[in-house]
Amino acid sequence: MALEYDVVVIGGGVVGCAVARELSRFAVKVAVLEKEMDVGFGTSCRNSGVLHAGFNYAPGSLRARLDVRGNAMMDDICRDLKVKIKRIGKLTVALDEEDEATLHRLKEQGDANGVPGLELIGKDRMQQIQPGVEGSLALYSPTSSIISPYGLTIGLAENALANGVDFHLGQQVASITSLAGGGWVLGTKAGETFTAKVIINASGLFSAEICRLAGISDYVIYPCRGEYYVLDKRLDGTLKALIYPAPKKNAPGLGIHLTPTVDGNILIGPSAEYLNASEDHSCTADVMKELRREGQELLPEIRMTDYIRNFSGIRPKQTPPEVGGNKDFVIEDRKDVSGFINLLGIESPGLTCAPAIAEMVRGMVERHIPLHPDPSFNPVRPGSTFFFSELPAEERASMIADNPNYGEIICRCEKITKQEILDAITNPLGARTLVSIKYRARASMGRCQGGFCVPRITRILRDEFGWAPEDFIKRSTASPLFAGNVRPVKGGGVR
């Protein structure tokens with residue numbers, strides 16, 4: 001039997017979750033279909049976590065308009081959703097005369113886009129903002145910021161859920177059929193069926209495939225992988241601002257740079273390499289070597305022991321490798337396919353643009369179905385922006401006295417407590433993978449990368465939630481952690 005909805009959003013990335021939350025303000029029945037076992041497992045959480053200011057994009061483009069608007073919305077959104085954000089600003093640095101001309105052009109472009117506070121600054125001011133930075137000139141953008149990308153995606157999803165949106169995880173759309181009287185039927189690989197008056201295609205790297213299922217053959221997505229290194233928190237505070245090179249013409253990205261994160265690590269990257277596969281998140285030896293070399297040039301204090309992890313993300317580009325550069329976003333209410341709203345090619349600055357895209361999509365949905373405000377909508381997500389270890393000592397002592405689980409450390413590197421792990425396991429969305437716990441509690445994100453905490457999390461899941469060996473998966477059913485038990489446990493059962 002089909003589950004009936006007014007609106008079905010395909011894709012649980014940051015844009016899909018922002019759209020779902022925006023629609024939850026109204027008395028409509030909304031569902032999100034996500035092929036992974038949790039929201040934000042794709043491009044949305046595999047990026048630099050930067051909120052861009054909006055000067056890199058052509059005046060009048062969707063990317064420019066939505067970026068400036070989305071950036072301005074983020075303080076209120078992060079406050080309500082308990083998501084970390086730091087307004088640290090950014091220096092885009094010129095190393096030669098060609099770069100300087102680029103910065104002057106970017107300043108004019110940013111002013112035309114309405115980016116607040118842009119300044120071209122010389123060496124002395126650059127050193128005040130970031131001691132040791134090299135370059136002859138810099139464009140300073142105070143509204144450039146850093147954010148937790150997975151924190152934002154999860155926060156948007158959980159708030160949408162609390163306001164009535166249904167999330168169906170592990171549901172990859174396999175068929176889309178239009179109904180003669182209007183509306184749609186969607187079938188998934190898991191065998192579920194959904195109906196909707198309106199479909200919103202927010203499926204990122206797979207958006208062109210979803211288009212084809214709906215009979216639209218206009219688009220091709222070219223996956224472009226960016227690889228990163230993650231540095232240990234020893235270097236926390238070294239970077240006072242974001243430092244980017246002046247962008248090069250027709251480059252697929254903004255170049256390799258150092259990016260501080262809201263939790264104290266530094267990222268080196270991303271590279272840019274076109275792929276034939278949409279989900280090849282490999283990290284390659286040659287690129288890692290190059291990232292180490294460039295990272296050492298940008299920050300000589302880096303030691304080999306500071307490299308604790310690497311990862312990659314994939315951009316959904318509309319431009320093929322022989323063309324390079326970027327196209328503007330596709331955000332369209334299809335006239336030839338009624339009730340199909342298409343969001344395609346949402347690469348950087350998609351993270352920044354997400355809430356503004358959601359506003360734009362809301363207007364499109366309203367052309368098809370009435371949107372009456374829901375007086376019960378609550379924009380505030382319960383909880384704290386901070387982890388337990390970041391709270392004042394007096395507050396931590398009081399919390400331990402009330403709940404001893406706050407006194408037991410499960411993740412030694414990140415100082416994450418048992419109660420924080422329990423909260424991550426019992427998350428509102430029902431996500432149950434090790435990566436889901438990691439994104440919510442930061443467990444296994446420290447130097448040892450889970451060597452200390454994963455066995456302890458495993459024990460909690462087994463002893464307190466009754467998990468069998470086959471229940472443990474890293475991120476999907478294709479990544480099981482255990483094949484079975486190896487010996488009996490004293491007193492009964494098995495270990």
- Query: Do other residues, nucleotides or ligands put more than 12 heavy atoms under 6.0 Å from K84 NZ?
  - Reply: yes

- Can you tell me if NZ on K438 sees more than 12 non-hydrogen neighbours from other groups inside 6.0 Å? yes

- Query: Are D38 and Y150 close enough, and set up right, to give a side chain to side chain contact (heavy atoms under 4.5 Å, CB included), and what steps lead you there?
  - Reply: CA-CA 11 Å; D38 198 358; Y150 38 86; over 6 Å; no

- Query: Has the side chain of W184 got a donor or acceptor atom that lies under 3.5 Å from a matching backbone atom of G339?
  - Reply: yes

- Message: Tell me which one of K82, R381, R21 satisfies side chain to side chain donor-acceptor pair (under 3.5 Å) with N159.
- Response: R21

- Message: Within the 4.5 Å heavy-atom criterion, are M399 and Q419 side-chain neighbours or not?
- Response: no

- Message: Can you see whether R212 engages S217 through a side-chain donor-acceptor pair at a distance of less than 3.5 angstrom?
- Response: no

- Which pair of non-hydrogen atoms, one from L62 and one from D328, has the smallest distance, and what is that distance? N-OD2, 2.8 Å

- Is it true that a side-chain atom of S398 and a backbone atom of E394 form a donor plus acceptor pair closer than 3.5 Å? no

- T177 side, atom OG1; L179 side, atom CG - distance, nearest 0.5 Å: 7.5 Å

- Item | Neighbour count above 12 (heavy atom, 6.0 Å) for Q449 CD | yes

- Item | Smallest separation among heavy atoms of A443 and C411, with atom names | CA-SG, 3.9 Å

- Are any of the side-chain heavy atoms of R432 and N427 separated by less than 4.5 Å? yes

- Query: Is the closest basic N to carboxylate O distance between K35 and E279 below 4.0 Å?
  - Reply: yes

- Query: Does a side chain donor of either N113 or R63 reach within less than 3.5 Å of an acceptor in the other side chain?
  - Reply: no

- Look at D75 together with R79 and state whether they make a salt bridge at an N to O cut-off of under 4.0 Å. no

- Would a 4.5 Å heavy-atom cut-off, applied to side chains only, mark N310 and E227 as touching? no

- Could you walk me through whether V361 and E22 pass side chain to side chain contact (heavy atoms under 4.5 Å, CB included), step by step? CA-CA 9 Å; V361 170; E22 181 65 24; over 6 Å; no

- Let me see the working for V83 and I77 under side chain to side chain contact (heavy atoms under 4.5 Å, CB included), right down to the final yes or no. CA-CA 8 Å; V83 176; I77 288 172; over 6 Å; no

- Message: Quick one, Y439 and M445 - any side-chain contact, counting heavy atoms below 4.5 Å?
- Response: yes

- How close do S24 and V165 get, heavy atom to heavy atom, and via which atoms? CB-CG2, 3.8 Å

- Query: Counting heavy atoms not belonging to D336, are there more than 12 under 6.0 Å from its CG?
  - Reply: yes

- Message: Rounded to the nearest 0.5 Å, what separates atom CD in E420 from atom OG in S389?
- Response: 6.5 Å

- Do N56 and L106 have side-chain heavy atoms sitting under 4.5 Å apart? yes

- Taking all atoms of both residues into account, what is the closest heavy-atom pair of L344 and C211, and its distance? CD1-SG, 4.0 Å

- Message: Which residue in the set S271, S48, S312 passes side chain to side chain donor-acceptor pair (under 3.5 Å) when paired with Y228?
- Response: S48

- Task: Look at the side chain of N201 and the backbone N and O of N342, then say whether any donor-acceptor pair between them is shorter than 3.5 Å.
- Result: no

- State whether the side chain of R396 and the backbone N or O of L391 hold a donor-acceptor pair below 3.5 Å, judged by distance alone. yes

- Message: Apply side chain to side chain contact (heavy atoms under 4.5 Å, CB included) to residues F340 and I210 and explain how you reach the verdict.
- Response: CA-CA 11 Å; F340 189 88; I210 294 299; 4.2 Å; yes

- Do you know the tightest heavy-atom contact between L66 and C353? C-SG, 3.6 Å

- Working to the nearest 0.5 Å, report the span between NZ of K317 and NZ of K327. 11.0 Å

- Any donor and acceptor pair, going by atom type alone, linking the side chain of T319 with main-chain N or O of V323 inside 3.5 Å? no

- Message: Within 45 degrees of the ring normal and closer than 6.0 Å to the centroid, is that where the cationic atom of K90 sits relative to Y244?
- Response: yes

- Query: Going from OG1 on T352 to CG on L51, what distance comes out if it is rounded to the nearest 0.5 angstrom?
  - Reply: 4.5 Å

- V50 side chain reached by L351 side chain, heavy atoms, under 4.5 Å: no

- Can you tell me how far CZ of R315 sits from CG of L275, rounded to the nearest 0.5 angstrom? 10.5 Å

- Message: A side-chain contact here means heavy atoms from C-beta on lying under 4.5 Å apart; do S348 and H52 qualify?
- Response: yes

- Note on the structure: Nearest heavy-atom approach of V7 to A196 is C-CB, 4.4 Å

- Mind checking whether D6 and K197 have side chains closer than 4.5 Å, heavy atoms only? yes

- Message: Donor-acceptor pair, distance only, cut-off 3.5 Å: does the side chain of S44 make one with the backbone of G42?
- Response: no

- Query: Any chance the side chains of S282 and D280 put a donor and an acceptor closer than 3.5 Å?
  - Reply: yes

- Query: At what distance, to the nearest 0.5 angstrom, does CZ of F206 lie from CG of L213?
  - Reply: 12.5 Å

- Message: Are more than 12 heavy atoms, taken from residues, nucleotides or ligands other than F465, located less than 6.0 Å from that residue's CZ atom?
- Response: yes

- Message: salt bridge (charged side-chain N to carboxylate O under 4.0 Å, His left out), that's the test. Do K29 and E4 meet it? Break it down for me.
- Response: CA-CA 8 Å; K29 194 172 182 183; E4 298 180 358; over 6 Å; no

